[in-house]
Amino acid sequence: MDGTRSKNKVIVVGGGLVGALCVCFMAKRGYDVFMYEKREDMRKIIVERGRSINLALSHRGRRALRHVGLEDEILSNAVPMLGRYLHKLNCRNDYVPYDPVANQCIYSVNRNFLNQVLLNAAQAHGNVKLFFKHKMTKVDFASSTITITNLDTGEIKTESADLVVGADGAFSVLRQHMQLTPMFDMSQAYIEHGYMELCIPTERGTNLKPNCLHIWPRGEFMMIALPNQDTSWTVTLFMPFEKFESVISEDDVLSFFEANFPDSVSAIGERALVDTFLGSKPSSLVSIKCNRYHAGDGFLIVGDAAHAMVPFYGQGMNAGFEDCSILHEILDETEDNIPKSIKDFSSRRRTDAHAVCDLAMYNYIEMRDLVTRPTYRLRRMLDCFLERLFPGSWTPLYNSISFGHTRYSQCVRNRQWQDKILKVGLASCVLLATLIIVFL
Ligand SMILES: Cc1cc2nc3c(=O)[nH]c(=O)nc-3n(C[C@H](O)[C@H](O)[C@H](O)COP(=O)(O)OP(=O)(O)OC[C@H]3O[C@@H](n4cnc5c(N)ncnc54)[C@H](O)[C@@H]3O)c2cc1C
């Protein structure tokens, strides 16, 4: 395999959000790109309700979209979210802006729209071929080939390329084959909570405060709502599976929601709430970490295939989009040396992917529980004050993750450093106060 050819052949497996964007990046580099997606072309069918209808897009994802010339189109079809609106059980609701200092925001985007725009952009390149209903079924690292099955005809073919990128999601076939190679470590953890999607329809959507992410934090579980452009809201209930299983009848559903999310019942509508809840099953959430993302000289996994995470930091897609930017940067640095680039990708990305997986896990506790505590508000106030006092030096964790491009692992280290300073500051204040009381 010649790693430094300028006109490399790339196969991208998976035409989801990350795969479609990866095709755009590789096509822009002038490579010949072949994309294989096992599902039907989503632009030709009405996609069934599935994983999260809308997603939070933040700076890392935006930068990648900007690079392929799609940021403006996506943002003009998205809804800005400037803060969290907390629905408390005591009805003393609260609005917490994401960034009171610089007013930056995240955006709620429709998953299908985004995927369609990416596929159209990919197809617009003359050096790209998209294949749908084609599933990768086998990988052979020894011969650097993959096996593709045409799901319509049953035809099986063997393909090879300078680079095969597995953007085939959390249950990646490429990763499963990598797991059989020596020294490949991987961990997979399901959380005990599942999620279910509900909807606040357009006609009642205007009753909710616009341009924010609504949260109903309830300690052990929570519900959130993200805005759609048509004033409807996609509502997601996250809760232990055990609790889902205890709500089994129409009366159970209504009394559960009346007790825990009273203001949501009329917004969603009693009938729709009962029908959706009893007619659907909660989905599971998984977090996956690997110690490397490449195999051989030309195989790489990106996006959820490399680092699926629970959705509580709104970073899964953003991190996957950032993978594409980083791969592109490394290919520039190595002057298209693919074997070197994929090794560099693994070493550059590992600590960051692990850091954001851990952060996403932690943020579930923050969103469902900590946000209602006075200590959380106090910390937010302190962070804002210090950010104003030391602009550029003191950036709160959420802002550095969502509104910046600092490496995820560095964001975590900055937060640990900030925690230490605050602890020392607090201890000094207590000591000073004690001395004043004793000596005055
Ligand atoms: C409830 C929920 C809310 C979320 N909210 C956010 C959010 O607000 N912000 C955010 O950034 N992220 C969010 N995420 C995460 C985000 O959805 C994922 O990180 C993102 O979809 C990953 O994209 P991907 O392309 O890597 O994988 P996928 O979207 O899973 O796409 C993989 C594609 O590969 C195809 N495929 C699979 N196997 C094969 C095969 N063998 N051959 C060919 N094709 C194959 C699949 O059909 C699919 O099209 C959320 C996730 C969930 C579950």
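Below, all heavy atoms of this structure are taken into account, side chains as well, without hydrogens, waters or symmetry copies. When a ligand or atom number is given, it counts from 1 through the structure's own listing order.
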Would you tell me which option among M136, M196, R111 has the nearest heavy-atom contact to atom 40 (C) of ligand 1? M136
Output yes when the distance from some N or O of ligand 1 to some N or O of R39 is under 3.5 Å, and no in every other case. yes
Does any N or O atom in E37 lie less than 3.5 angstrom from one in ligand 1, N or O only? yes
Hey, is K340 close enough to D297 for a salt bridge, meaning N to O under 4.0 Å? no
Ring centre gap for F132 and Y36 strictly below 6.0 Å: no
So for V13 against ligand 1, with non-hydrogen atoms under 4.0 Å, the contacting part is side chain
Taking distance alone, with no angle check, do A305 and ligand 1 share an N/O pair under 3.5 Å? no
I want to check something: taking the side chain as every heavy atom from C-beta on, are R218 and D369 in contact at a cut-off of under 4.5 Å? no
K135 to ligand 1: N or O pair under 3.5 Å? no
Please check if the distance between the ring centroids of H354 and Y408 is under 6.0 Å. no
Within reach of ligand 1, part of L55 (heavy-atom separation under 4.0 Å): both
Taking distance alone, with no angle check, do E197 and ligand 1 share an N/O pair under 3.5 Å? no
With ring centroids as reference points, do F238 and F221 lie under 6.0 angstrom apart? no
Ligand 1 atoms nearer than 4.0 angstrom to some heavy atom of Y36 are 43 (C), 44 (N)
Would you mind listing which atoms of ligand 1 come within a distance below 4.0 Å of any non-hydrogen atom of G303? 26 (O)
Taking the side chain as C-beta and beyond, is there a heavy-atom pair between P227 and S108 under 4.5 Å? yes
Where ligand 1 meets G316 - atom numbers and elements under 4.0 angstrom, heavy-atom basis: 10 (C), 11 (O), 12 (N), 15 (C), 19 (O)
For ligand 1, the portion of M309 having any non-hydrogen atom under 4.0 Å away: neither
Side-chain contact, heavy-atom cut-off 4.5 Å: F299 with L174? yes
Considering only heavy atoms of H134, which atoms of ligand 1 have at least one such atom less than 4.0 Å away? 43 (C)
In ligand 1, which numbered atoms sit nearer than 4.0 Å to a non-hydrogen atom of V18? 23 (O), 24 (P), 25 (O), 26 (O)
Contact atoms of ligand 1, heavy-atom distance to G16 under 4.0 Å: 25 (O), 31 (O), 33 (C), 49 (O)
Does D162 pair with K9 as a salt bridge, N-O distance under 4.0 Å? no
For G169, counting its heavy atoms only, list the atoms of ligand 1 lying under 4.0 Å from any of them. 27 (O), 30 (O), 32 (C)
Under 4.0 Å from a heavy atom of A167: which atoms of ligand 1 are those, numbered in the order shown and with their elements? 32 (C), 33 (C), 34 (O)
Under 3.5 Å between any N/O of M317 and any N/O of ligand 1: does that happen in this structure? yes
Do K28 and H328 touch side chain to side chain, with heavy atoms closer than 4.5 Å? no
